[in-house]
Amino acid sequence: MEYKQLKPTELYHPCEPDGLPFNSTAELGDLDHFVGQPRAVESLQFGIDISRTGYNIFALGQEGTGKHHLVRQLLEKRASSEKVPNDFCYVNNFTETHKPKVLTLPAGRGKELSEAMERVIEEARNALKAAFENEEYQNRARGIAQEFQERQQHAFEELRKKTEENGLTLLRTPAGVAFAPSREGEVIPPDEFNKLPQEDREQLQQKVQQLQGEAQKIMQKMPAWEREMREKMKELNKEITNLSVAPLLEELRQKFSGLPMVVEYLDAVEKDMVENVQALLPSEGGHQQGPGIQGIMAQQMEAATLRRYRVNVLVDHGDTKGAPVIYEDHPNYNNLMGRIEHLAHMGTLLTDFNMIRAGALHRANGGYLVLDAIKVLTQPFAWDAVKRALRSQKIKIESMGELYGLISTVSVEPEPVPLNVKVVLMGPQMLYYLLQHHDPEFGELFKVAADFDMQMNRTAESQEDYSRLIASAVRQEGLRPFDREAVARVIERSARMVGDGERLSLHMQSITDLLQESDYWAGRNGNGKVTGSDVERAVDAWIYRSDRIRQRMQEEIKRGTILIDTEGEKVGQVNGLSVIQLGGFAFGRPSRITARVRLGKGEVVDIEREVEMGGPIHSKGVLILTGFLGARYAMEQPLSLSASLVFEQSYSGIEGDSASSAELYTLLSAIGEFPLKQSLAVTGSVNQHGQIQPIGGVNEKIEGFFDTCRGRGLTGEQGVLIPASNVKHLMLRKDVIEAVKEGHFHVYPVETIDQGIEILAGKLAGERDEQGQYPKESVNGIVQERLAGLAEKQRKFSAPAGEGAKS
Amino acid sequence: VNTTKKAAIQRILLALDASPESVTALDTATELAGRLGADLTGLFVEDTDLLRMASLPFAAEIGRFSPSLRRLSLPEMERQMRAQAEHMRKAIAVAAAREGVKWEFRVARGSVAAQILLAGMQADLVILGKRGWSLSKRLGSSVQMVISQAQGLTLVLHPGIKFTIPVVVIYDGSEVARKGLDAAGNLVKIKDGNLRVIVIAKTREKSVELQEEAVQYLTAQGLEGKVGVMIEPTKERLAHFLRSQGPVVLPCGSELLVGEGLCELVNLIENPVLLVR
């Protein structure tokens, strides 16, 4: 019997170098458009263009598809024509110190203000020092102090006079004053006093008590006098400060007159400087402050005073061109939202507005912020913070440690900064769908999805575009030019990467890796250009580096540790094919599938499932077999067998239904007790009508069985049955194609179970006649008869004993 | 110069109480003692006036900061004095150790002035804080008494004012004024600074003559300095001039500078004053 098999040309979808209109990539210019991602590009452009809240972008696609590059390029192009955003500064809030204020200034002016304030502080201190050392001030200050002193001296002088007039004396005690009767300037000794007549003593006592009362009154007045003096001093200081400071600040006010926010701030500074002039005055050198703790404290007090007038430029756009495009590589909470630093000072943590630091959102404000979704989501609090900021359009810096009570210390609550930013999140598709499903806010905030494709159609035109993409990458990476054949090989490899002869991979990372490795081999071979053979070498070398396990498996098959027959015929046994994916490398290997049948109730037992080593798709495939068997052979009688199916020597899980056709073939063989050729391997899933459906990894599977057969020596009988619908995916290895060309190996495209079983069993499948019967010698006929026999046995077996006796 | 200086001042008496001006005086005294290589004696006088007052049945004090009337008793007053004395003893120990000065501390009971004068007879220099009681602009009676009756060199310090340079000396051509020049010269040498001589004279002719003497003295001693002249100054004018200067050396005995007049001048200025007799 002749079966349809694929011609060598059908096994590979080559890229003909002659079809490429250039000699080497050096001739090709850069692309003026983006290749292969029309949907993503349009979505991005739409997302960037539309300036509405919530129109942030999620660029979804696998890593390595060039999302970053594309997004950045589009953003930078757009941003360069946009205006530079404002600078943001934090300044002291003189009324509520713990709530620093935000100043918004045109780009570059933040720094200008900050520098100007530094100068003002310096100049103000010098001016104040001069003013306060001035004779005029000194005299007026002395005058005030003198006035107070004279006031109290006068009061006491009066008291003293009165004391003396009464024959008493005013004494200074360690803690105050006291009165005592005196004679000739000396206090009367107590014994003498006691000798005085009662009357005199009482009189003296009265006098003393009266004076004590008066002294008390004077003493009581003194705090008020002192207060009065301090007030006067304060007024004087204010006057002097105003004279020194006002002109300096007026100059600044003129400079920033167009910015009411700044002018208001400068007014507050002036007011505060007047009120805190003592702290502003330079101290008389370190030594006067004394050594040790007190000296340090005094110095720090002085530093603290100067800090209050500083301007903390949070974001300086002085040198920025266009709108900013910021990519935050480590998007944790602090890096995104900014942070408040603390300084350990004598065992406590202190902070102020000067220690507020910008986050990525601050830097990107007025422009674009690019983030990796997975990174944002895996950082504690980061995702919520981003959403909160986007929703409220404000950046509020909060200390997480404080929020959760992890640190308790002096802190500040900076005024929120108004936010106007477009965020571009990048992540895998799965993440996008998960977020859409589970996070109700996500849809509102990220309305634009830019979906990146993994592959593109392969046509003559697209191959040309792809060549230019390769040329761009070659130039970008600084590699040797690729000649026409090398480009063709890269294109073919790209098709193989996606496992489809009619598609090309858009996984730019893998393509770039291939280009670089090819360039390396060209260098090793001393080529000035990268040639086709360099690319092939690179591919082979990559496979060799990755295929240790594949080789080990093939060896074990050859040594008979893994039992695979590649010759002869067996009943209830077929070679299935599976694909093993290890990191970036996938390879196929044959697996023995066996089936046994016995009398039963019409079920097919999937042993893999019974032991929970089979996945749900695999189980589904097996259940379909029951459906197929019942519909085809058991319309007239019950399906009276029990069958068990197993992947032999499988010690890990099995998933997928690509072996379901193989399982059906081996089941039919077991039922019909006819042998199947072991020189063939089978892949393809089957539906309830017996049609073969496509599967993945067809190239790897064919190559896997080919390697096994070749290891034992090709007999010319060997080959693989593949679904006909997988033919377009074929991009087989050269050695496989060679073997097919020479008739040593065969690839059979199969559309139905009947086609497949004919090849495997070497018998006709047989078609149903008008009575619904299959020809006796055909596969279907044999199976049908055998099932009928089983049903009869079952009937007899299950009939009640009495009934049997009667008949 | 060193030998004469050593011979001149070998024992310094420092009168102490627990007031802040005592602390200023203590610093200056130990520094001087250190530079002069003199011994320092701290004297704390338990004022009999206060003790007597505290013994009276109606004894009470009105506090400076809490203007309430507090009953006093003799035991309590004695206890306070003992505490003060102990405090000062410790202070002098610390200050003396810092300057490497040999020191002793004594407590005496009696009239403050009398006790200082008595102890001062054993010393070459008596240092006392001007009892610049802020409640009164007058000198305390004890200080007045010491100023007017002390025999040797007496240094009066104002609270909070440090002993610095340049030193100013009043010169009127008298014997004691020459002594003053010597004392001032010694001080200047200790402090490595220059000297200002203020010549006081009744007439301009006399002043020219005295001025020449002063210049000659400076040259002879190899001192740097200036000589100024005041013709028959009043105490107020002199005080006004001196206020802006450093320590002042006053030769007691000239017309301006005796008894009440001297006290008044000392009262008027805040400079450290060294009285020479």
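Note that this is a predicted model, so its numbers are computed, not measured. Residue numbers start from 1 in every chain, and the chains themselves are labelled A, B, ... in the order their sequence lines are given, proteins ahead of strands.
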Practice problem: Please look at B:L56 and chain A and tell me whether the side chain, the backbone, both or neither of the residue comes under 4.5 angstrom of a heavy atom of that chain. | Solution: side chain

Exercise. Specify the closest pair of heavy atoms between A:A180 and B:M53, including all atoms of both residues, with the distance to one decimal.
Key: CB-CG, 3.5 Å

Self-check item: Min side-chain heavy-atom separation B:Q80-A:T173 under 4.5 Å
Solution: no

Exercise. Please lay out, stage by stage, how A:E186 and B:D49 fare under the test side chain to side chain contact (heavy atoms under 4.5 Å, CB included).
Key: CA-CA 7 Å; A:E186 277 190 8; B:D49 275 357; 4.3 Å; yes

Quiz prompt | Which atom of A:R172 lies closest to which atom of B:L50, heavy atoms considered | solution = O-CD2, 3.6 Å

Quiz item: If you look at every heavy atom in B:F58 and A:Q212, which pair is closest and at what distance?
Solution: O-NE2, 3.7 Å

Self-check item: chain A contact via B:M77 - which portion, at a heavy-atom distance below 4.5 Å
Solution: side chain

Quiz prompt | Within 6.0 angstrom of B:H240 NE2, more than 12 heavy atoms from elsewhere | solution = no

Self-check item: Proximity breakdown for A:L159 and chain B, heavy-atom pairs closer than 4.5 Å
Solution: neither

Self-check item: Which atom of B:E61 lies closest to which atom of A:G176, heavy atoms considered
Solution: OE1-N, 3.7 Å

Quiz item: Among A:S182, A:P189, A:P181, A:A178, which residue forms the greatest number of heavy-atom pairs with chain B at distances under 4.5 Å?
Solution: A:P189

Exercise. Measure A:Q206 against the heavy atoms of chain B and call it side chain, backbone, both or neither at under 4.5 Å.
Key: neither

Quiz item: Roughly how far, to the nearest 0.5 Å, is CD of A:Q220 from CD1 of B:I62?
Solution: 10.5 Å

Practice problem: Kindly check if the number of other-residue, nucleotide or ligand heavy atoms within 6.0 Å of CD (A:E251) is above 12? | Solution: no

Quiz item: When rounded to the nearest 0.5 angstrom, what is the spacing between OG in B:S68 and CD in A:Q216?
Solution: 7.0 Å

